[in-house]
Amino acid sequence: MNLIADLHTHTMASGHAYSTLMENITCAKEKNLLFMGISEHAPALEDAPKETWFRNLKVVHNDWGDLKVLRGAELNILNEYGDADLCDETLSLLHYCIASLHYPVFPKNKLSRCTDAAIAAMSNPSVFILGHPDDDLMPLDYEALTLAAKFHHVALEVNNSSLCPGSFRQGAAGNYYRMLALARKLEVPVIVSSDSHICYDIGNFARASALLAELSFPEELVVNSSAKRFAEFWECRKIAALSGSDRRLKSAV
């Protein structure tokens, strides 16, 4: 499977990553990606950039030859109502967002609370991706989660970093087996991401791709498996979001 986009990437701006934006862009071009997303952690995490950082992303060019760079954020889900840590005005300036559960912003080991929070976050029209839904410490009801993702047309992330040895997320592989079985059954889109924190991991999908191959997961359900599927997902998500909200979404694809 040839994956053409990596929308979950971090730079030094996130405080615990080690490369610059230009280094990430250079590596994305070297790996022949068609899309790279800027998705720094939003302000509720201690070392994350302030809201003004995201508002000024307009200075970053979108077009870099064959590579298109998209302005995004990895939002922190703050509570069981799905509230996030960037205001609507700032969100309207971005192309997309990932919504993720992160400790200590959100409490651990609360299955019903985590599930309610993740599902509620999907109703935010700026959220295109649910980030790393794979951690035993942030337990989820995968049937309820997958049904909600289908309803909102939000992509469930298969996070390569979560599958790496030494990851602080627990039980990722087993949780993906359950989630992906439901995604296949319900025809719910997934997206493969690196969650890179250093430039040479941009476009590193090796473990996630191996897991999808092991499960014979349908390529047509993988959002970033072709430019056509990527564009179709983007348009469908915008339509689904706008049908439930009048908040403006930026065109990206």
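Bear in mind the structure is a predicted one, so any value in this text is a computation, not a measurement. Values below: all heavy atoms of this structure, side chains included; hydrogens, waters and symmetry mates excluded.
A 4.5 Å side-chain heavy-atom check between C97 and L91 finds at least one atom pair inside the cut-off. By the 4.5 Å heavy-atom criterion applied to side chains, V190 and V222 are counted as neighbours. Contact check for F205 versus L212: no side-chain heavy atoms found under the 4.5 Å cut-off. A heavy-atom distance below 4.5 Å is not found between the side chains of F151 and M122. You'll find the side chain of S39 reaches within 4.5 Å of the side chain of Y96, heavy atoms only. For the pair N160/R207, a side-chain contact is recorded, criterion being any heavy-atom separation below 4.5 Å from C-beta on. Residues N175 and D136 meet the side-chain proximity criterion, which asks for heavy atoms closer than 4.5 Å. Looking only at side-chain heavy atoms (C-beta outward), S19 and T11 stay at 4.5 Å or farther from each other.
Between F233 and H153, the gap from one ring centroid to the other is short of 6.0 Å.
No donor-acceptor contact under 3.5 angstrom links the side chains of Y18 and E23, judged on distance only. Looking only at atom types and distance, the side chain of E74 has a donor-acceptor partner in the side chain of H132 under 3.5 Å away.
Summarising the geometry of F168 relative to L137, their closest heavy-atom pair is O-CD1, 4.3 Å, with the distance given to 0.1 Å. For the pair V69 and H61, the tightest heavy-atom approach, listed with the atom from each and the gap, is CB-O, 3.9 Å. Smallest separation of non-hydrogen atoms from L140 and A118: CD2-CB, 4.1 Å. Heavy atoms only, all atoms of each residue included: S193 and D6 are closest at CA-OD1, 3.8 Å. Considering every non-hydrogen atom in both G37 and L7, the closest pair reads N-CD2, 3.7 Å. Contact between A5 and L33 at its shortest, heavy atoms only, is N-CD2, 4.0 Å.
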Derivation and outcome, side-chain hydrogen bond (donor to acceptor under 3.5 Å, both in side chains), residues N32 and D66: CA-CA 8 Å; N32 297 314; D66 292 334; over 6 Å; no
Worked verdict on D134 versus R169 for side-chain contact (heavy atoms from CB on, under 4.5 Å): CA-CA 7 Å; D134 56 29; R169 298 185 196 114; 3.3 Å; yes
Residue pair H10, H16: steps toward the side-chain contact (heavy atoms from CB on, under 4.5 Å) verdict: CA-CA 9 Å; H10 297 283; H16 56 280; 5.6 Å; no
Verdict with reasoning, D63 to K68, per side-chain contact (heavy atoms from CB on, under 4.5 Å): CA-CA 5 Å; D63 294 315; K68 181 165 282 191; 3.3 Å; yes
L45/H102 under side-chain contact (heavy atoms from CB on, under 4.5 Å): CA gap, chis, key distance, verdict: CA-CA 8 Å; L45 280 184; H102 290 120; 4.2 Å; yes
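Judged by distance alone, with hydrogens and angles left aside, the side-chain atoms of K31 form no donor-acceptor pair with the main-chain N or O of D201 at under 3.5 Å. Remark: the backbone N or O of A206 is paired with a side-chain donor or acceptor of N204 at under 3.5 angstrom. In this structure a side-chain-to-backbone donor-acceptor pair under 3.5 Å is present from N224 to V192. Judged purely by atom type and a 3.5 angstrom limit, S123 uses its side chain to pair as donor or acceptor with the backbone of A120.
A salt bridge links K238 with E235: at least one charged nitrogen is closer than 4.0 Å to a carboxylate oxygen.
Test L86, L75, N76, T90 against P43 for side chain to side chain contact (heavy atoms under 4.5 Å, CB included) and you get one pass: L86. Each of L180, L182, L145, L221 was scored for a side chain to side chain contact (heavy atoms under 4.5 Å, CB included) with L156, with one residue passing: L145.
In the hydrophobic clustering of ILVMFWY residues, with side-chain heavy atoms under 4.5 Å counting as a link, V127 and L147 come out together. By the criterion of side-chain heavy atoms lying less than 4.5 angstrom apart, applied directly or through intervening Ile, Leu, Val, Met, Phe, Trp or Tyr residues, L186 is grouped together with L130 in one hydrophobic cluster. Y103 and V105 fall into different hydrophobic clusters, where Ile, Leu, Val, Met, Phe, Trp and Tyr residues are linked whenever their side-chain heavy atoms come under 4.5 Å apart, directly or through other members. Under the 4.5 Å side-chain heavy-atom criterion for grouping Ile, Leu, Val, Met, Phe, Trp and Tyr, L57 is connected to L67 within one hydrophobic cluster. No chain of hydrophobic side-chain contacts below 4.5 Å, direct or via other Ile, Leu, Val, Met, Phe, Trp or Tyr residues, connects M36 to M12.
Atom OG of S100 and atom CG of D195 lie 8.0 Å apart (nearest 0.5 Å). With rounding to the nearest 0.5 Å, the separation of NZ in K185 from CD in E187 is 12.0 Å. Between atom NZ of residue K58 and atom CZ of residue R71 there is a gap of 9.5 Å, rounded to the nearest 0.5 Å. A distance of 6.0 Å separates CG in D141 from CG in L111, rounded to the nearest 0.5 Å. Atom NE2 of H41 and atom OG of S14 lie 5.0 Å apart (nearest 0.5 Å). Here C236 contributes atom SG and F128 contributes atom CZ; the two are 11.0 Å apart, rounded to the nearest 0.5 Å.
For K110, the NZ atom is loosely surrounded, since the number of other residues' heavy atoms within 6.0 Å does not exceed 12. Heavy atoms from other residues, nucleotides or ligands lying under 6.0 Å from CD of E214 number more than 12. Heavy-atom contacts from other residues, nucleotides or ligands closer than 6.0 Å to CD of E46 number 12 or fewer. Shown here is E219, whose CD atom has more than 12 heavy atoms of other residues, nucleotides or ligands within 6.0 Å.
Relative to the ring axis of Y142, R178 does not place its NZ or CZ within 45° and under 6.0 Å from the centre.
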